[in-house]
There are 2 protein chains.
Amino acid sequence: MADTHQRLLDAAQRLFTERGFAKVTVRDITSEAQANLAAVSYHFGDKLGLYESVLEMGLRFALELNESTMLPREGHNAEECLRYYVQHYLPRIIHADTRGWIYQLLKHESADPTPVARRYVQQAIMPRIEYLIGVVRDLFGDGASPDRIGRCVTSIQAQCLFYLPDPFKSMVRPGWQPHTEEEIRDTAEHIAEFSLAGIRAMANLRRGPRVRPR
Amino acid sequence: MADTHQRLLDAAQRLFTERGFAKVTVRDITSEAQANLAAVSYHFGDKLGLYESVLEMGLRFALELNESTMLPREGHNAEECLRYYVQHYLPRIIHADTRGWIYQLLKHESADPTPVARRYVQQAIMPRIEYLIGVVRDLFGDGASPDRIGRCVTSIQAQCLFYLPDPFKSMVRPGWQPHTEEEIRDTAEHIAEFSLAGIRAMANLRRGPRVRPR
DNA sequence: AGTCGATTCATACACTTGTTTGAATCGCAC
DNA sequence: GTGCGATTCAAACAAGTGTATGAATCGACT
């Protein structure tokens, strides 16, 4: 039959994405892939080996996608870059179950880490965060404290990641999640404008009267 | 020996919080509680029954905590309420591993839901969201679309929840998380001011010139 | 002391899990 | 066709899981 190796990878990707590493059995995978139970041992050594291979696929995919969120800093001002970033990052967060399955998979990883995560973090996430830090630093104009910049980056990242598909959140407010292209665009616009306003406010705060909520 | 029932609850709370329902065995719990393996069946029927009891404890706890985040709307303006909300909500998100363990437990629930979650959502989360919607609606002053209000509430909630302790995020930026009372207060202030600025911007946008990022 | 219900205990059972095994089968070069 | 390495297969294994069982122990009341 056609390449068992590949069929296993595909099935594993689908199932791991859906349920995470621990809640998928080797039997689930081999049955979905129409392969023999022992095929996993044969082709990947063991279950974790298969998982690593899937994550490897995801890493390559994520690196590609990363590129497409980061407008080159030369020739574009920081505001443009931030808007562009959110507009291109958000859709793939929201469609995590299909195109950007890797983000969905990482959500399971976050709740229940396997030893494989570290390299992914370093290669795929950190560059994007560094990029965002640069953009926000520019938005502040004159030097702001790294703390302040970090908090703003966190605010942006938090707003985006919150839109990861999540059955639990859907329980709270069914239909809360944007679906159509237009809804997603509007949501991205919201996040960008909301954040730009927030950052500007934090920048003014630096020398304006300090408002201390008690 | 002293109340086995209670010792089981305590151990279960600690372990479920740490690892989630699936990754804790009955033997883990009974050994931690220095009780016999069969004690879980005897006192709670089965493992899920014990889990439900733990979640019941958490629900009572969360309802208490909820109260303390919601400043009465009469006698306080919306800005005050928002600042107060974040200042009191954030610390318990951040200390989720100790005082507010229920939030930590719910994170596992979110990645891997058990049948017990629904009631929790309805009783503990929805009232708080409704409250926030009211506050944000007031901040807009004149009627804004529910979509717009919902997106702002989501932005606030996202920023707060992002600070849930998370080994994965700590891998990205070690020490990113505020620890001391003062750091937490500063972070809460950031979220409140950032969000207030964002909301004001969204409110002005309604009749000002519409900025369309391309 | 004796009784009886509540609780604890050691053990066993049925089931699922990841992995191993050794034979069977396939796909080709010769 | 023959041989041979790569692959597939059914079956078994060992470890771990939640739960059930029935005897032993406890604790208070008469």
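Chain A is the first sequence line, chain B the second, and so forth, proteins listed ahead of strands; every chain is numbered from 1. Just so it is clear, the values below take in all heavy atoms, side chains as well, and ignore hydrogens, waters and symmetry mates.
- Residue H43(B) has a polar side-chain atom (N or O) positioned under 4.0 Å from OP1 or OP2 of dT8(C).
- Dashed line: the shortest gap from a side-chain N or O of N36(B) to OP1 or OP2 of dA10(C) is under 4.0 Å.
- Contact annotation: side chain of R27(B) to base of dG18(D), donor-acceptor pair present below 3.5 Å.
- For the residue pair T69(B)/R92(B), the side-chain donor-acceptor check at 3.5 Å is not satisfied.
- Rounding to whole angstrom units, CG of residue D46(B) and C1' of dG18(D) are separated by 9 Å.
- Note: CZ (F44(B)) to P (dT7(C)) measures 12 Å, nearest angstrom.
- Going from atom CG of L15(A) over to atom P of dT17(C) covers 13 Å, rounded to whole Å.
- Out of dG18(D), dT19(C), dT21(D), the shortest distance to the side chain of K47(B) is found at dG18(D).
- The side chain of Y42(B) sits closest to dA6(C) out of dT7(D), dA6(C), dA10(C).
- Taking 4.0 Å as the cut-off between side-chain N and carboxylate O, E32(A) and R7(A) do not count as a salt-bridged pair.
- In this entry the distance linking CG of L37(B) with C1' of dA20(D) reads 10 Å, nearest Å.
- Taking atom NE2 of H5(A) as the reference point, atom C1' of dT7(D) lies 13 Å away to the nearest angstrom.
- Side-chain atoms of Q104(A) and T17(A) form no donor-acceptor pair, as typed in the model, at a separation below 3.5 Å.
- The distance from atom CG of D3(B) to atom P of dT8(C) is 8 Å, rounded to the nearest whole Å.
- Separating the CG atom of L8(B) from the P atom of dT19(D) is a distance of 14 Å, rounded to the nearest angstrom.
- Between R151(B) and D186(A) there is no salt bridge, since none of the side-chain N atoms of the basic residue sits less than 4.0 Å from a carboxylate O of the acidic one.
- A tilted orientation is assigned to the rings of F194(A) and F194(B), their planes being inclined by 30° to 60°.
- Backbone-only engagement by T25(A) is indicated by non-hydrogen atom pairs under 4.0 Å involving sugar-phosphate atoms exclusively.
- Between the NZ atom of K23(A) and the P atom of dT17(C) there is a distance of 11 Å, given to the nearest Å.
- Under 4.0 angstrom from either OP1 or OP2 of dT7(D) there lies no side-chain N or O belonging to T4(A).
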